[in-house]
Amino acid sequence: MKIADAEKIVTWKYEHEYAMYSFSESNEDIQELMNGEYFSVLNELERVVGFICCGQSARVPGGTSIGLYQEEGYLDIGLGLDPDLTGQKIGSVFLKQSLAFLQNQFNSSHFRLVVARFNERAIKVYERAGFKRDKEFHSKVNDEDMLFISMKLEMEMPCYSFEEITEQDLTEVREIYNYYVSNTTISFHTEELTLEEIKASVMNQNPRFKSFVIKEENEIKGYVLITQYKSKQAYDFSGEVTIYLKPDIVGKGIGGTALRFIENVARGQGFYTLIATICMENTRSKSLFEKYGYEQCAMFKGVGYKFDRRLDIGSFQKVL
């Protein structure tokens, strides 16, 4: 959670019976959101559209009094969606994306949440995702007793496999990459690559550099590679790491899995350090690499020009 997101979230106002979910816009509410147990949820335009809380912040006092939280093995979670977006049938997508993030962030597949008993709209969303009703109890809300229900979900952790890229994979790899060429500043290409060009970029002549497709149940979800950082011999123990995922699965935790995998490959190949080159508009990638121990070691101002604007590049490095 960033302070600017917290300041926005506390202004959200829910109507009618849902007013119990509104914040008070107080400094205390902002500080609660900044306590380390809340995460901002952003859309593709990097605008805050919701939040996730976990741990103690997701627990309801009435649940504590009946011993609900004595059962270990579950991550307690809570979700909040921008009131302007409620009722637009995006709750299921919001929940699915949030669960994928939590799986990756906490390496957890067992979740517990508490919802007001009257909130059938939310309960139906949770049940469609696989949550099961558990216990009912009362808890105080604005000095009034309110009925709540706890719900549990036990998920299977997704299983990803990594296979070295072959010529049979190139068409799908090209489609993934060219999406980012045409629609984002993540790639600094301004024209889509041909099949031969993508082959030259991902299928290495030097066996020290490796490229893999990322698969789930035999379906390609993206690709990850170590390429040459610079051609001079003194750079031989440094590699550049790159990850591209299908746009509809970004944010589901695959990036972290791919990064851990390729780091182990790099160690086996004798690399000393990996470097990621990131457009500074790409805050999602920046956050991913920083989470896994990459430190920004360089900044190049305005070195790119795409979509009628100057773009900065940052280099992020991790010693293996």
Side-chain angles (χ1 to χ4, degrees), residues 1-2 4-5 36 39-46 48 52 97-98 100-107 158 160 162 173 176-177 179-181 183-189 201-202 208-214 221-230 235 237-304 306 311-320:
M1 179 69 65
K2 296 180 180 178
D5 296 339
F39 299 88
S40 305
V41 178
L42 309 179
N43 65 9
E44 65 275 7
L45 300 177
E46 301 295 326
V48 60
I52 306 167
Q97 295 270 3
S98 298
F101 165 79
L102 290 164
Q103 273 192 311
N104 182 60
Q105 184 76 14
F106 295 99
N107 195 32
Y160 303 113
F162 298 86
V173 168
I176 294 169
Y177 184 74
Y179 168 85
Y180 292 98
V181 173
N183 298 283
T184 78
T185 57
I186 292 173
S187 166
F188 269 29
H189 277 111
S201 70
V202 303
R208 291 195 67 235
F209 303 105
K210 297 291 185 180
S211 303
F212 299 86
V213 286
I214 308 163
K221 298 294 186 179
Y223 64 97
V224 57
L225 53 152
I226 308 169
T227 54
Q228 189 175 45
Y229 177 62
K230 289 185 182 294
Y235 291 106
F237 296 97
S238 300
E240 186 159 8
V241 58
T242 304
I243 303 170
Y244 281 100
L245 304 175
K246 286 185 174 180
D248 61 332
I249 61 164
V250 169
K252 296 186 177 182
I254 300 179
T257 301
L259 191 54
R260 290 192 296 268
F261 169 81
I262 205 68
E263 287 177 355
N264 286 331
V265 172
R267 291 184 185 97
Q269 295 294 96
F271 286 96
Y272 172 75
T273 185
L274 289 179
I275 298 166
T277 302
I278 302 171
C279 176
M280 297 305 287
E281 287 189 348
N282 186 6
T283 55
R284 191 186 297 273
S285 286
K286 180 176 178 291
S287 297
L288 170 68
F289 281 95
E290 287 180 331
K291 174 184 174 183
Y292 286 92
Y294 289 74
E295 298 180 355
Q296 186 175 340
C297 55
M299 167 74 84
F300 303 95
K301 306 288 287 185
V303 294
K306 189 175 182 180
L311 302 168
D312 302 338
I313 284 291
S315 292
F316 293 76
Q317 179 187 19
K318 181 176 181 178
V319 175
L320 301 175

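For clarity, every value in this text was computed on a predicted model and none was experimentally measured.
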Discussion item. So, using salt bridge (charged side-chain N to carboxylate O under 4.0 Å, His left out) as the criterion, who are the partners of Lys318 when residues are at least two apart?
Written reply: Glu263
Worksheet item: Looking at residues at least two apart in the chain, or sitting in another chain, which of them share a side-chain contact (heavy atoms from CB on, under 4.5 Å) with Asn43?
Response: Leu45, Arg47, Val49
Worksheet item: Can you list the residues that meet the side chain to side chain donor-acceptor pair (under 3.5 Å) rule with Ser187, with sequence neighbours excluded?
Response: Tyr177
Item to complete: For Ser40, check side chain to side chain donor-acceptor pair (under 3.5 Å) against everything at least two apart and list the hits.
Response: Asp5
Item to complete: Go through the structure and list residues passing side-chain contact (heavy atoms from CB on, under 4.5 Å) with Asp312, not counting sequence neighbours.
Response: Met280, Met299, Lys301
Fill in: Which residues share a ring-ring contact (aromatic ring centres under 6.0 Å, His included) with Phe188, sequence neighbours left out
none
Worksheet entry | Listed partners of Gln228 passing side-chain contact (heavy atoms from CB on, under 4.5 Å), at least two apart | Phe209, Ser231
Practice prompt. Only counting residues at least two apart or in another chain, list the ones meeting side chain to side chain donor-acceptor pair (under 3.5 Å) with Ser285.
Written response: Asn282
Worksheet entry | Set of residues satisfying salt bridge (charged side-chain N to carboxylate O under 4.0 Å, His left out) with respect to Glu295, sequence neighbours excluded | none
Worksheet entry | Contacts of Tyr294 that satisfy ring-ring contact (aromatic ring centres under 6.0 Å, His included) - sequence neighbours left out | Phe289
Fill in: Listed partners of Glu240 passing salt bridge (charged side-chain N to carboxylate O under 4.0 Å, His left out), at least two apart
none
Fill in: By ring-ring contact (aromatic ring centres under 6.0 Å, His included) - contacts of Tyr235 (at least two apart)
Tyr229
